Amino acid sequence: MDTPRRVEHQLTDKGYVPVYTTAVVEQPWGEYTASDHEVWATLFKRQREILPGRASSEFLAQQEAMGMASDQIPKFDDLNPVLRKATGWELIGVEGLLPELTFFEHLANRRFPVTWWIRKPDQLDYLSEPDLFHDLFGHVPLLMNPVFADYMAAYGRGGVKAHGIGQDALVNLTRLYWYTVEFGLIREKQGLRIYGSGIVSSKGESIHCLESKAPNRIGFDLERIMRTRYRIDTFQKTYFVIDSYEQLMEATGPDFSPIYEKLAALPSFPAGSVQDGDQVFNRGTGEGWLDDGDV
Ligand code: HBI
Ligand code: FE
């Protein structure tokens, strides 16, 4: 399997990463090597061992419902009919990170871009950009949940609008994606659980986000999140907690333009700060935090 064509490195909200062509590619399933399938199996089994009791029950249930398994890399062609029937979403293959507007347009049309290649065996624990495991294992299961699926499509429409408004609006919206879709926690009867894809696809952060004393855990607040910087190179300093996927959908229903205007005049918050008015589940100790590098 040839390595993906990298177009250029750009400074994005994920740091200085290669931004790929916007081409939609067929999943080259027949070209995956035994090592590729082995990487999938290892990561899948490792995460499914630690996620029960840590991940949102809806995430675990939907991943099973769609038939995702460890034995080999799933075929997009197998998953798409199931996904389309559940919520109208479908997976498309891409080279990797897309320019933001392209990404937003796909989401607005219920197309989720999944990177076609998977990391190498020596990258099991860290990768600076999303690969197939992050996208397929992490992002796709919750697209089976009608409310979350609607949220993701609404997010895409919001992204297209924000792109037309300007960079400040984009930064605010990217923070919302970061603290919900990528690194969000949800309150369930038995306690806090993970739904963010960046966490569920990472062994270290799946454990850290719930069990470490270092991070803050704060109740979801849209404007608070849009003002809060974040980390792309370490575990998050703050995790935001939703009560339900419905809360997320309701909170992002209104037009964001007046919020963008209001926030443009206000300073942003450091990633690790606790602010007056926060619904504080716990205030972190800050142990191990790096002082610089919030974006
Ligand atoms: N492209 N393929 C891909 N996957 C992402 O998660 C992604 C992206 N481009 C931009 C992006 N995410 C973030 O900037 C979002 O906040 C939009
Ligand atoms: Fe992601």
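What you see is a predicted model, and the numbers here were worked out from it, not measured in a lab. Whatever order the structure lists ligands and atoms in, that order sets their numbers, starting from 1.
- The atoms of ligand 1 that sit less than 4.0 Å from any heavy atom of Tyr155 are 16 (O).
- The atom of His134 nearest to the Fe ion (ligand 2) is NE2, with the search restricted to N, O or S atoms.
- Considering backbone and side-chain atoms together, Phe104 places no N or O closer than 3.5 Å to any N or O of ligand 1.
- On a distance-only criterion, Leu98 and ligand 1 share at least one N/O pair closer than 3.5 Å.
- Between Arg111 and Glu90 there is no salt bridge, since no side-chain nitrogen of the basic residue lies less than 4.0 Å from a carboxylate oxygen of the acidic one.
- Taking any N or O of Glu182, backbone or side chain, none lies under 3.5 Å from an N or O belonging to ligand 1.
- With a 4.0 Å heavy-atom cut-off, ligand 1 is reached by no atom of Phe112.
- Asp294 has a carboxylate O that lies under 4.0 Å from a charged side-chain N of Lys237, or vice versa, which qualifies the two as a salt bridge.
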Residues 156-173 side chain polar contacts: donor-acceptor under 3.5 Å, at least two apart:
from   : atom 1 : to     : atom 2 : distance (Å)
Lys161 : NZ     : Asp255 : OD1    : 2.9
Asn172 : ND2    : Asp168 : O      : 3.4

Would you give me the side-chain donor-acceptor pairs under 3.5 Å for residues 260-273, sequence neighbours excluded?
from   : atom 1 : to     : atom 2 : distance (Å)
Lys262 : NZ     : Glu223 : OE1    : 2.6
Lys262 : NZ     : Glu223 : OE2    : 3.4
Ser268 : OG     : Arg229 : NH1    : 2.8
Ser273 : OG     : Pro270 : O      : 3.0
Ser273 : OG     : Gln275 : NE2    : 2.9

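- Listed by number with element, the atoms of ligand 1 under 4.0 Å from a non-hydrogen atom of Glu100 are 10 (C), 14 (O).
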Apply salt bridge (charged side-chain N to carboxylate O under 4.0 Å, His left out) to residues Asp71 and Lys45 and explain how you reach the verdict. CA-CA 9 Å; Asp71 54 328; Lys45 282 186 270 192; over 6 Å; no
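- Taking the six-membered ring for Trp, Trp29 and His37 have ring centres closer than 6.0 Å.
- Around the Fe ion (ligand 2), the two atoms OE2 of Glu182 and NE2 of His139 are separated by an angle of 100°, to 10 degrees.
- Ring geometry for Phe103 versus Tyr177: interplanar angle over 60°, hence perpendicular rather than tilted (30 to 60°).
- Using a 4.0 angstrom heavy-atom cutoff, Pro99 does not count as in contact with ligand 1.
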